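Structure, as structure tokens:
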Amino acid sequence: MFRLDRQDAGLLVFVAVITLFAPILLNPFAEGSAMAQFNAGYPDLMQRFVIFAIFAIGFNILFGLTGYLSFGHAAFLGIGSYSAVWMFKLLSMNVIPAVLFSVIVAGVFSLVIGYVCLRRSGIYFSILTLAFAQMSFSLAYSVLTPITNGETGLQLSLSDPRVLDGKTTTGALPETNLFGVAMNDTLSVEALGRVWQFSAGYYFCAVLMLIAFYISIRIFRSPFGMMLRAVKSNQQRMRFTGLNTRPYALAAFVISGMYAGLAGGLMAAMDPLAGADRMQWTASGEVVLMTILGGAGTLLGPILGSGFIKYFENIFSKINDTILHQWFAFLPDGLENFVVAVIYPFVGKGWLLTLGMLFMLVVIFLPGGLIEGAQRLRKLFARTPTGAADRRAPASKPAE
Amino acid sequence: MGILEVKDVSKRFGGLRALSDVNLSIAEGALHAIIGPNGAGKSTLLNVLVGKLLPDTGSVTFAGQSVLGRQPHQINQMGIARVFQTPEIFGALTVLENVLIPCFAKRDGAYRLHALEAVRDETAINAQAEAMLVDVNMQDKRHMLAGSLSRGDKRRLEMAMCLVQEPRLLLLDEPTAGMARADTNNTIDLLKQIKATRPVTMVIIEHDMHVVFSLAERITVMAQGTPLVEDIPARIKGNPKVQEAYLGTAHA
Ligand SMILES: Nc1ncnc2c1ncn2[C@@H]1O[C@H](COP(=O)(O)OP(=O)(O)O)[C@@H](O)[C@H]1O
Ligand SMILES: [Mg+2]
């Protein structure tokens with residue numbers, strides 16, 4: 001299918017099914033029930049899941065394949081957002097030109113930044129990318145305020161030209177849309193005694209995420225992808241095999257920059273606003289965490305990692321002491337208070353503590369990330385039957 | 001005029017003269033061995049040839065073109081391949097992929113972006129790589145990670161990676177160092193077979209006299225950064241200068 005082999009096609013279908021049914025799958029708990037707040041299936045969060053998945057999938061093409069660890073990719077995310085908002089201001093509220101423009105602008109910037117940073121490798125490369133990103137961040141707040149609108153952030157206004165759309169007559173700010181379908185439109189369907197919400201914006205992002213994922217599979221399986229892995233494995237051997245490593249690394253850098261630009265553009269398409277905080281080093285660090293947590297260099301890892309971190313950030317962080325007391329209400333009072341006191345630092349506002357520990361455990365015990373964990377589990381279960389067969393084999397011999 | 005001409009090449013590392021006024025001419029199609037005690041500058045000479053080091057003085061021409069000042073990948077594309085003293089392979093890639101990469105490099109040159117093609121669809125290149133693995137008798141290991149191979153197998157793989165590019169000049173830096181006797185003999189056979197079936201010029205640096213004398217057509221003896229003698233193997237054995245500089249210590 002789509003020139004993928006069976007295993008990869010299966011993976012793509014699996015991810016497609018999960019993303020398309022996410023509004024249902026992520027809402028397992030009935031509305032009004034005590035657990036309902038752990039439903040992650042509301043449009044805003046689901047959009048963030050897929051947008052950050054795009055960001056991480058792209059980052060993985062650079063870091064996972066070539067091993068070049070960039071600490072500045074949030075710069076391209078921010079550039080993508082600014083570009084998209086400018087498109088909304090100048091051209092049209094249609095998301096297509098905005099998203100295209102953000103990918104192109106991020107691509108151009110990553111070409112320039114990548115060209116400079118890739119003169120060094122290892123830690124020096126990482127520091128250079130970090131420096132570039134911090135520079136962009138400060139510039140957005142200072143010299144570039146005419147373009148970025150500084151601390152307020154770039155926003156839509158009624159006086160924007162929007163040459164393709166014409167003047168609005170309603171007096172309200174127009175909405176981002178895809179040929180008339182507003183991104184914040186939701187389709188509500190009543191079924192099984194519940195109301196399911198299907199957000200147009202989410203599906204727009206989800207389709208782009210699936211395309212981005214598909215392209216990343218193709219890159220992984222291509223001769224180019226193999227060269228990128230060779231760059232990570234042994235640059236010396238590459239050079240003495242007649243291959244120039246620099247253009248390969250630069251191409252990977254630009255591709256991942258374009259993915260970041262796409263993610264930034266989509267953020268603006270969901271909420272037409274761009275601020276410099278999107279370029280901060282913490283945002284660059286976040287995508288590193290996502291990729292490593294999920295499994296750098298694996299296909300599914302970045303999607304898993306970004307989903308995991310966004311879930312923690314938005315849902316796990318909601319567990320407060322009232323909820324904990326509800327959960328452990330069945331215990332005797334003294335014990336209840338004790339258990340809650342022990343757990344409390346790790347949930348709610350302490351979600352970063354749990355995430356940090358999880359990250360350390362993964363890096364130490366599962367260098368291949370959560371994906372490696374899943375593979376080990378699968379092997380464990382796959383081995384049990386063969387192990388049983390092995391044990392049976394010698395027993396059956398004497399019986400013959 | 002040989003295919004490789006080294007003229008008055010010198011290289012200093014601080015106060016150490018690693019190479020001093022090296023002159024060497026390798027005839028096209030020859031199997032030329034360079035021997036000499038440790039630290040004689042043999043590997044340094046190869047580093048100069050493949051563009052890893054720039055000599056302080058002198059010139060190096062390959063097939064009439066100067067090699068100096070070119071990038072390693074450009075020199076490789078002129079037709080020079082090198083097997084390193086410590087195997088340089090893609091440890092994180094499979095054996096087959098290790099051989100596929102030089103195949104692509106040979107076909108596409110230094111860079112081509114085929115990001116949306118599939119490696120498995122490149123049937124001609126796959127066939128070429130598989131055939132090469134059969135030649136070095138590694139076809140059973142093609143899906144193993146190269147990093148998990150034994151030292152001997154890594155060497156064979158590296159040789160396969162160089163050979164599949166069909167270089168005009170193959171440089172081998174101690175290809176049997178650290179190998180067991182059986183592996184060494186396999187390597188000798190492999191090199192003989194290569195010599196017999198391909199029009200390749202080979203320069204082999206070797207410590208093992210058994211290997212040198214079963215393969216070499218000409219031998220250069222190096223000591224302290226300078227070639228002492230160059231001759232056919234039969235006359236090298238009896239040369240008193242060589243005895244003194246090298247064989248005397250090695251056979252003591
Ligand atoms: N990059 C380097 N920097 C400093 N000294 C070096 C370097 N490479 C080789 N040498 C020195 O040059 C001399 C020749 O080394 P080498 O060419 O490796 O000898 P061999 O003949 O054993 O291959 C040795 O004394 C070695 O220590
Ligand atoms: Mg040496």
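In this text, all values refer to a predicted model and were calculated from it rather than measured experimentally. Throughout, protein chains are lettered first and strands after them, A, B, ... in sequence-line order, and every chain is numbered starting at 1.
Residue contact with chain A, scored on non-hydrogen atoms closer than 4.5 Å, involves the side chain of Gln165(B) exclusively. With a 4.5 Å cut-off on non-hydrogen atoms, Met78(B) does not touch chain A at all. Looking at Ile125(B), neither its backbone nor its side chain comes within 4.5 Å of chain A, counting heavy atoms on both sides.
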Inset, instruction - Under the salt bridge (charged side-chain N to carboxylate O under 4.0 Å, His left out) rule, what do Arg155(B) and Asp173(B) come out as? Steps first, then yes or no, please. - result: CA-CA 10 Å; Arg155(B) 272 273 162 60; Asp173(B) 198 347; over 6 Å; no
Legend entry - Verdict with reasoning, Asp56(B) to Arg12(B), per salt bridge (charged side-chain N to carboxylate O under 4.0 Å, His left out): CA-CA 7 Å; Asp56(B) 303 332; Arg12(B) 276 176 174 281; 5.5 Å; no
Inset, instruction - Could you please spell out the steps behind the side-chain hydrogen bond (donor to acceptor under 3.5 Å, both in side chains) verdict for Glu158(B) and Asn98(B)? - result: CA-CA 8 Å; Glu158(B) 197 182 5; Asn98(B) 268 269; over 6 Å; no
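Identified by a heavy-atom distance below 4.5 Å to chain B, the contributing residues of residues 219-244 of chain A are Ile219(A), Arg221(A), Ser222(A), Pro223(A), Phe224(A), Met226(A), Met227(A), Arg229(A), Ala230(A), Ser233(A), Asn234(A), Gln236(A), Arg237(A), Met238(A), Arg239(A), Phe240(A), Thr241(A), Gly242(A), Leu243(A), Asn244(A), in residue-number order. Residues of residues 107-121 of chain A lying under 4.5 angstrom from chain B, judged on non-hydrogen atoms, do not exist.
One N or O on the side chain of Lys195(B) and one on the backbone of Gly29(B) form a donor-acceptor pair closer than 3.5 Å. Gln74(B) contributes a side-chain N or O that, together with a main-chain N or O of Gln71(B), makes up a donor-acceptor pair within less than 3.5 Å.
Between Phe253(A) and Tyr68(A), the ring center distance fails the sub-6.0 Å criterion.
Arg82(B) forms a cation-pi arrangement with Phe84(B), by the criterion of a distance under 6.0 Å to the ring centre and an angle within 45° of the ring axis.
A distance of 13.0 Å separates CG of Leu12(A) from CD of Gln7(A), quoted to the nearest 0.5 Å.
No side-chain donor-acceptor contact under 3.5 Å links Thr201(B) and Glu28(B).
Among Val119(B), Leu113(B), Leu93(B), Ile75(B), the residue making the largest number of heavy-atom pairs under 4.5 Å with chain A is Val119(B).
The aromatic rings of Phe55(A) and His73(A) lie parallel to each other, with less than 30° between the two planes, well short of the 60° mark.
A 6.0 Å sphere centred on NZ of Lys141(B) holds no more than 12 heavy atoms belonging to other residues, nucleotides or ligands.
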